[in-house]
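Structure, as structure tokens:
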Amino acid sequence: MTTIEKPKTHSAPYEPQTLERGWQERWRTQGLYRSTEGGGKPKYYVLDFFPYPSGDGLSVGHCRNYVPTDTLSRYFRMRGFNVLHPMGWDAFGEPTEQFAVLTGTSPRVATDRNAANYKRQFDLIGCSYDWAREIDSSAPDYYHWTQWFFLLLYKRGLAYRAVQWQWWCPRCQTTLSNQEAQDGVCWRGHTGLTKKQIPAWYFKITDYADQLLEGLKEREWPERIKLMQENWIGRSEGCEIGFTTEAGEPLPVFTTRPDTVFGVTFMVIAPEHPTVEALTTPDRRAEVTAYVERAKATSEIDRLSTEREKTGIFTGSYAINPLNGDRVQLWVADYVLATYGTGVVMGVPAHDTRDFAFAKKYGVPIKLVIQPPDWEGTRKTADDLDDAYVGPGTMVNSGEFDGTPTPDPAIGAVTRRVAELGLGKGTTNYRMRDWLISRQKYWGAPIPIVFCPTHGEVPVPEDQLPVELPEMANFTPDGSGRSPLARATEWVNTTCPTCGGPAERETDTMGGFACSSWYFLRFCSPDHMGAPFDRAKVDYWMPVDQYVGGAEHAVLHLLYARFWTRVMHDAGLIGFKEPFYRLRNQGMLVVSTPHRRAIDPNATEPWVPITTEEAQALRAKGEVVEMRSAKMSKSLRNVITPDEMVEKYGADSLRMYEMFMAPFDQEVEWNEEGINGQRRFMGRVWTLVTETWAEASGEHYTASDEALTRLRHKTVKKVSEDLEKFRFNTMVSALMEFANALGERHRAGAWKTASFQEAVGTLVLLLAPSAPFIAEALWQLTGGFGKGKLAPAESGDPKTRFGEIGSVHQQAWPTYDESLTRDDVVTLVVQVNGKVRDRIELAADADEAAARAAALARPRIQEFVTNPAAAKFIYVPGRLLNIVAR
RNA sequence: GCGGAAGUGGUGGAACGGCAGACACGUCAGCCUUAGGAGCUGAUGCCCGCAAGGGCGUGAGGGUUCGAGUCCCUCCUUCCGCACCA
């Protein structure tokens, strides 16, 4: 035991590198961040999107997520909440497998190494995760339950195997879900996606389309994310109408505008539609076949581009409009999607802009069936249309419906008639497709299905789970389109759970988004055996109170997890339908990076980021290189790591800066110069507290400093409110202003007051969530200075005095008195005709007469207001007096 | 094209309809130091002025109001989302 040495008048300098060392270990030994259920405190579950532990480690960009949530967790703990703040690894995935292919390192080894590195970095930046709850989605005792959920979905008819056209990434050598393949670019950033038709497993997320839409309503989520999910689900109500071919074959269409059905002059079939061939007349065959082939070869992105002019080709056949018997041309066009609606579209050129353009181009007739209101009584016809008329109006040329106002009640009336005639019915369509879960990859959770020659696909019985990944040495795709697992012959060859005869295992694994669809439940009881989770613990902790992660998962993880949660709810496993109560997306952290012009002048992004070395080479060749913002990425070698920042400035300064830089949800460019400001701030706080303590130790002052007391209450209020509202940047400013006010008093020698001592103590507590290391060091050093415990502890190393005074992180959050957050004397701004002319000190509650008198007594005001009797006064108590003078 | 968000000093950004530019970065000056990419003090929107002070200022233009960065209308720009969904 060493005795605390009272610092000399000039205290030791602030050295974060040594100061921060060792605290995490002490906190962990003390079990400070262990969360246990119950205890009478309200619970608060603060969750970060669990990361994929990549070999690159964390960048300061990632810290923009983790630092604020950690600060929030620490704040809620001090506020007396039972906080669950866990961390784990979304460990299955393509990059690790790729790494294995390239280096021969086993994915297991690479994953463990990467996770350990992440953990080290989280520790370094002061994160307060409950590591006893660490989970790893690639561990058998985790994916055991991912497989169990697969079987649950299977048993509930929500998992099925089918052969359909799929997105395929040639680089990843695997199929991808629609969500992962948006815009023809794989979610890992690979272009050149193709389509492939192979058997694969699907989750029937479409069954939950309406529920998923409905459940969005009460979520405290960014509107942007809710909108993206709504668009993705893409619900649209309409009517299916049974057109037939002239030969009598059914050819139903889906339309949202049944009120225009009498205006159909042509129909369009998707090139992939199975009936195209049969509908093509012999004389048209050659042309149609060529068109279809061309369409299939055209990339999906091009086909879906609105820029592109519509093309199509006449099949030679006709269809019959069942409502009026019209004979209409049947066309094939690549803008019609085989996967939406019925793959056949009715063409109403007069009332649909796209159909209008198509009809004009190919000389298809245009028939007016909805009369615009201002055409009433005119002789205008379809020939007078410059473009399709899509607005409201009155039905015309529509037989029994003539005169019906549209869209209401016409749509309903026609839909009813269609149903009465047995031609169709009102239906709802969704853009969302079922979720493709199969991946032809090794490093994923095996799909627990066995194929038996006699019994077909057989689910692996629950007591035989987990289906463990076999050890393999070579993960290189062999080009067969099958998972490397197919080569693990011993593992593949198994017995049928039903008959015991020889059978083969499914060799596809589940995409990583299956594993991440339930991890938030596992955190509630990470070591639970015999079930995916302990119901009581899930009931206690769930739903997640505050979820934080990047917006890029808007229609991926965030939709999948909601779907799984609803399935579990329907299976009676949990008592809630939505997993995440509040959601926030942190803004991206970008970094100034050299860019060259895109080679393709029509590229969507005209600038391409490059490395500094590439930039030098290009500049030497006289090419244009511009500095622009880009995401940090290892390949661009523009990654800033927390390690180097902690080394240079300390973790506290990094944390403060991450939050101070910009509003939480806003994109911001990293600027290392700024972090110095926080480093200086930490240094000032250190000097202020240690010097005050050294000088005042043992003394208790009684004088009060009313203004400082009020500032303290204001600051506590501001910091608390800002934290809860995710306004971390202004929270930091408030702390700086508070510290600056203390510093001023200290320098002016006006610090020997009780108010000052209390304020210094409060400052340390207010800093604890944001800057946990310096706050703890100061707390231990001063023994809760300002709380009456002025003398240093009798004995012991300041770093191990938990027993005496506890950790700063176990202290109660300071409270404030609302009445003291307002000043009693204010500076009243005096305006004349809206321009500020003077300022007067006045009691906050002064009435208007007093304010007027005070203002008019001032010579500066008298100059501007020559005739006060004629003036009008606007008085906002505590703020301003505006004198409107003539 | 449709929908959303945003345009504020040299920079990041503050600002319940009420003192625009808090808090920082940077810059400049001074102090201290053997030295400093350290620390401290001060100045720092623009224009006029020695100063006191005055004028102008939140993308552009209009409006509402005693008062507008903030509310309303038109336009411009940027970012994001959706984009043949029948």
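Chain letters run A, B, ... following the sequence lines, proteins first, then strands; residues in each count from 1.
- OP1 or OP2 of C56(B) sits under 4.0 Å from a side-chain N or O of K835(A).
- For N882(A) and C66(B), a side-chain-to-base donor-acceptor distance below 3.5 Å is present, hydrogens and geometry of angles not being considered.
- The side chain of V836(A) lies closest to A20(B), out of A20(B), A86(B), C56(B).
- Within 3.5 Å, a donor on the side chain of R839(A) pairs with an acceptor on the base of C19(B), or the reverse.
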Extract all donor-acceptor atom pairs below 3.5 Å that involve side chains of residues 220-227 of chain A and protein atoms in other chains or at least two apart in sequence.
residue	atom	partner	partner atom	Å
E220(A)	OE1	R582(A)	NE	3.3
W221(A)	NE1	F580(A)	O	3.2
K226(A)	NZ	R219(A)	O	3.0

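- Ion pair K648(A)/E672(A) flagged as a salt bridge, since at least one NZ, NE, NH1 or NH2 atom sits closer than 4.0 Å to an Asp/Glu carboxylate oxygen.
- Nucleic acid contact class of R727(A) (heavy atoms, under 4.0 Å, all strands): none.
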Nucleotides 26-45 of chain B: protein proximity per nucleotide (B base, S sugar-phosphate only, - neither; heavy atom, under 4.0 Å)
S------------SSS----

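- Applying the ring-ring contact (aromatic ring centres under 6.0 Å, His included) test to H553(A) and every residue at least two apart in sequence or in another chain returns F49(A), F513(A).
- The side chain of N429(A) contributes no N or O atom lying less than 4.0 Å from OP1 or OP2 of A86(B).
- Taking the six-membered ring where the residue is Trp, F664(A) and F726(A) present perpendicular rings, their angle passing 60° and hence far from 30°.
- Using Watson-Crick or G-U wobble geometry with both donor-acceptor distances under 3.5 Å, C23(B) finds its partner in G12(B).
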